[in-house]
Amino acid sequence: MNLKIKNLTVEIENKVILKDINVDMTGGKIHALMGPNGSGKSTLAQVLMGHPQYTVVRNGQLPSIKLGKYELLNLSPDHRARLGLFLAFQNPVSVPGVTVANLLRTANAEKNSQEPRNGKKLHNPALSIIEFNEFLFKKTKNLNIAPELLRRGLNEDFSGGEKKKLEMLQAEILAPNFAVFDEIDTGLDVDALKIVSDSINHLKKQGSGILLITHYLRILKFTKPDFVYILVKGRLRQSGNYRLAETVEKHGYKRWLS
Ligand SMILES: Nc1ncnc2c1ncn2[C@@H]1O[C@H](COP(=O)(O)OP(=O)(O)OP(=O)(O)O)[C@@H](O)[C@H]1O
Ligand SMILES: [Mg+2]
């Protein structure tokens with residue numbers, strides 16, 4: 001499914017963080033978003049998911065965030081997730097008392113109870129509990145996650161890298177229509193980075209659209225994004241292909257900052 005953003009300006013506490021964002025992200029492709037610290041990348045991710053803390057400005061041209069044919073702007077985060085939008089957080093929160101296995105089992109059951117999305121059920125057919133456990137075990141193993149983590153509270157005392165891999169596991173289980181990864185590569189060791197990149201490529205192969213927010217070329221070398229965007233001071237300043245990311249790696253952001 002395509003993710004189409006139109007006329008998006010966002011404020012927090014009367015401070016404009018994102019200014020007139022317009023971008024049409026094709027489904028089934030990898031879109032990389034880069035930009036200096038504080039430029040608004042995570043804000044965009046949070047706004048896509050419907051975080052209530054941010055105000056979408058509505059007094060100019062009509063803003064819109066569309067996933068396929070669905071307008072998301074007035075929908076709750078929960079509703080957006082049900083339509084197949086997924087966000088892996090830059091800083092995943094801990095939820096003590098909710099085990100990873102339970103969360104994933106519930107999310108999967110919830111997903112399977114829904115109508116096919118967009119006329120086509122993505123990726124994972126309805127699974128029995130036994131089938132789901134096998135599926136979960138396989139995915140856990142592929143991501144080189146210790147199975148005992150599944151029995152612990154979500155992100156409770158997880159290492160930085162374990163948290164990121166857990167976000168990836170959730171994406172694999174949910175097989176979203178569009179997945180946003182906010183710095184999924186930060187804190188991963190070299191082997192884990194390769195594994196997580198493979199997993200992103202796998203999602204793409206299955207048909208998920210992907211927005212990959214990152215500071216580093218490393219993950220982009222493995223995932224070869226179809227499109228690269230540069231966000232500076234809340235504005236999308238340039239779009240291009242993989243070579244744009246190489247330019248950033250080489251020269252930094254100074255050409256957009258002056
Ligand atoms: N709740 C908030 N209150 C005030 N300012 C905020 C809030 N959330 C974000 N901001 C500001 O909005 C700007 C954009 O922040 P954001 O986290 O989106 O940047 P980013 O591009 O993701 O940066 P990084 O690369 O460091 O993760 C920053 O100046 C930040 O301080
Ligand atoms: Mg950020």
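Only this structure's heavy atoms are used, side chains among them; waters, hydrogens and symmetry mates stay out. These figures come from a predicted structure and were not determined experimentally.
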Closest heavy-atom pair, Ala245 versus Val228, reported as atoms and distance to 0.1 Å, is N-CG1, 4.1 Å

Taking atom types as modelled and ignoring hydrogens, do the side chains of Glu172 and Ser199 form a donor-acceptor contact shorter than 3.5 angstrom?
yes

Is there side-chain contact between Leu136 and Ile173, with at least one heavy-atom pair below 4.5 Å?
yes

Do Lys41 side-chain atoms and Pro36 backbone N/O form a donor-acceptor pair below 3.5 Å?
yes

Check whether any side-chain N or O of Arg80 sits under 3.5 Å from a backbone N or O of Leu75 as a donor-acceptor pair, and report yes or no.
yes

Does Leu48 reach the side chain of Leu67, with side-chain heavy atoms less than 4.5 Å apart?
no

Atom pairs and distances, donor-acceptor, side-chain atoms in residues 148-155, under 3.5 Å, two or more places apart:
{"residue": "Glu148", "atom": "OE2", "partner": "Arg152", "partner atom": "NH1", "Å": "3.4"}
{"residue": "Arg152", "atom": "NH2", "partner": "Glu156", "partner atom": "O", "Å": "3.2"}
{"residue": "Arg152", "atom": "NH2", "partner": "Asp157", "partner atom": "O", "Å": "3.2"}
{"residue": "Asn155", "atom": "ND2", "partner": "Val93", "partner atom": "O", "Å": "2.9"}

Determine whether Leu85 and Tyr70 make a side-chain contact, defined as any pair of heavy atoms from C-beta on separated by less than 4.5 Å.
no

Return yes if some donor-acceptor pair links the side-chain N/O of Ser208 with the main-chain N/O of Pro176 below 3.5 Å, else return no.
yes

Where do Gly35 and Tyr253 come nearest, in terms of heavy atoms and distance?
N-OH, 3.0 Å

If you draw a 6.0 Å radius around OH in Tyr242, do more than 12 non-hydrogen atoms from other residues or ligands fall strictly inside?
yes

If we ignore hydrogens and angles and just use 3.5 Å, is the side chain of Lys165 paired with the main-chain N or O of Asn144 as donor and acceptor?
yes

Tell me whether Lys224 at atom NZ has more than 12 heavy atoms from other residues, nucleotides or ligands lying less than 6.0 Å away.
yes

Applying side chain to side chain contact (heavy atoms under 4.5 Å, CB included) to Thr26 and His31, what does each step give before you reach the verdict?
CA-CA 8 Å; Thr26 330; His31 304 259; 4.1 Å; yes

Quick check: does any side chain N or O of Glu167 sit under 3.5 Å from a backbone N or O of Phe89, one acting as donor and the other as acceptor?
yes

Rounded to the nearest 0.5 Å, what separates atom NZ in Lys69 from atom CE in Met1?
8.0 Å

Going from CD1 on Ile230 to OG on Ser39, what distance comes out if it is rounded to the nearest 0.5 angstrom?
9.5 Å

Indicate, with yes or no, if Val95 and Leu103 share a hydrophobic cluster defined by side-chain heavy-atom contacts under 4.5 Å among Ile, Leu, Val, Met, Phe, Trp and Tyr.
yes

Please state whether the rings of Tyr229 and Phe227 are parallel, tilted or perpendicular, taking 30° and 60° as the class boundaries.
parallel

Applying the 4.5 Å side-chain criterion to the ILVMFWY set and letting contacts propagate, would Phe181 and Tyr216 be lumped into a single cluster?
no

Salt bridge (charged side-chain N to carboxylate O under 4.0 Å, His left out) partners of residues 19-29, not counting sequence neighbours, each pair once
Lys4-Asp24

Which distance, rounded to the nearest 0.5 Å, do you find between the CE of Met168 and the CD1 of Ile200?
5.0 Å

Measuring only between side-chain heavy atoms, which start at C-beta, is Thr106 closer than 4.5 Å to Val98?
no

Would you say the side chain of Leu87 lies within less than 4.5 Å of the side chain of Gln46, judging by non-hydrogen atoms?
yes

Between Asn201 and Phe222 (side chain of the first, backbone of the second, donor and acceptor by atom type, cut-off under 3.5 Å), is there such a pair?
yes

Once you round to the nearest 0.5 Å, how far does CG of Leu236 lie from CG of Leu8?
10.0 Å

Please find the pair of heavy atoms, one from Thr140 and one from Pro147, that lie closest to each other, and give the distance.
CG2-CA, 4.3 Å

With heavy-atom distances below 4.5 Å as the criterion, would you say the side chains of Ile195 and Asp198 are in contact?
no

Under the criterion side chain to side chain contact (heavy atoms under 4.5 Å, CB included), I'd like the reasoning laid out for Met49 against Val180: C-alpha separation, chi angles, the key distance, then a yes or no.
CA-CA 9 Å; Met49 211 61 222; Val180 181; over 6 Å; no

Exam field: side chain Asn7 to backbone Leu62, donor-acceptor pair closer than 3.5 Å
yes

Apply side chain to side chain contact (heavy atoms under 4.5 Å, CB included) to Glu249 and Leu220, showing your working.
CA-CA 11 Å; Glu249 175 80 3; Leu220 302 182; over 6 Å; no

Taking Val47 as the starting point, is it possible to reach Val23 by hopping between hydrophobic residues whose side chains are less than 4.5 Å apart?
yes

Report yes if the side chains of Leu188 and Ile219 come closer than 4.5 Å at any heavy-atom pair, otherwise no.
no

Any chance CZ of Arg235 has more than 12 other-residue heavy atoms, nucleotides or ligands included, within less than 6.0 Å?
no

Whether the side chain of Asn177 engages the backbone of Leu83 through a donor-acceptor N/O pair (distance < 3.5 Å, no angle test) should be reported.
yes

Just verifying a value: how many Å separate Asn142 CG and His202 NE2, rounded to the nearest 0.5 Å?
8.5 Å

Heavy atoms of Phe132 and Asn108 approach each other most closely as CD1-ND2, 3.2 Å

For Asp189 and Ala192, the nearest pair of non-hydrogen atoms, with its separation, is OD1-N, 2.7 Å

Pairwise distance OG1(Thr55) to CG(Asn14) - rounded to 0.5 angstrom:
8.0 Å

Is Met25 reachable from Leu73 through a run of I, L, V, M, F, W or Y residues, each pair having side-chain heavy atoms under 4.5 Å apart?
yes

All pairs passing salt bridge (charged side-chain N to carboxylate O under 4.0 Å, His left out) where residues 203-214 contributes a residue, at least two apart
Lys204-Asp226

Test side chain to side chain contact (heavy atoms under 4.5 Å, CB included) on Gln238 and Leu244 and set out the steps.
CA-CA 9 Å; Gln238 195 159 339; Leu244 181 55; 4.1 Å; yes

Within the side chain of Asn2, is there an N or O that forms a donor-acceptor pair under 3.5 Å with the backbone of Gly27?
yes

Mark yes when over 12 heavy atoms from residues, nucleotides or ligands other than Glu71 sit less than 6.0 Å from its CD; otherwise mark no.
yes

When every non-hydrogen atom of Ile213 is compared with those of Ala45, the smallest separation belongs to CD1-CB, 4.0 Å

Determine whether Val248 and Leu257 fall in the same hydrophobic cluster, where Ile, Leu, Val, Met, Phe, Trp and Tyr are linked whenever their side-chain heavy atoms lie under 4.5 Å apart.
yes

Is it true that a side-chain atom of Arg237 and a backbone atom of Val232 form a donor plus acceptor pair closer than 3.5 Å?
no

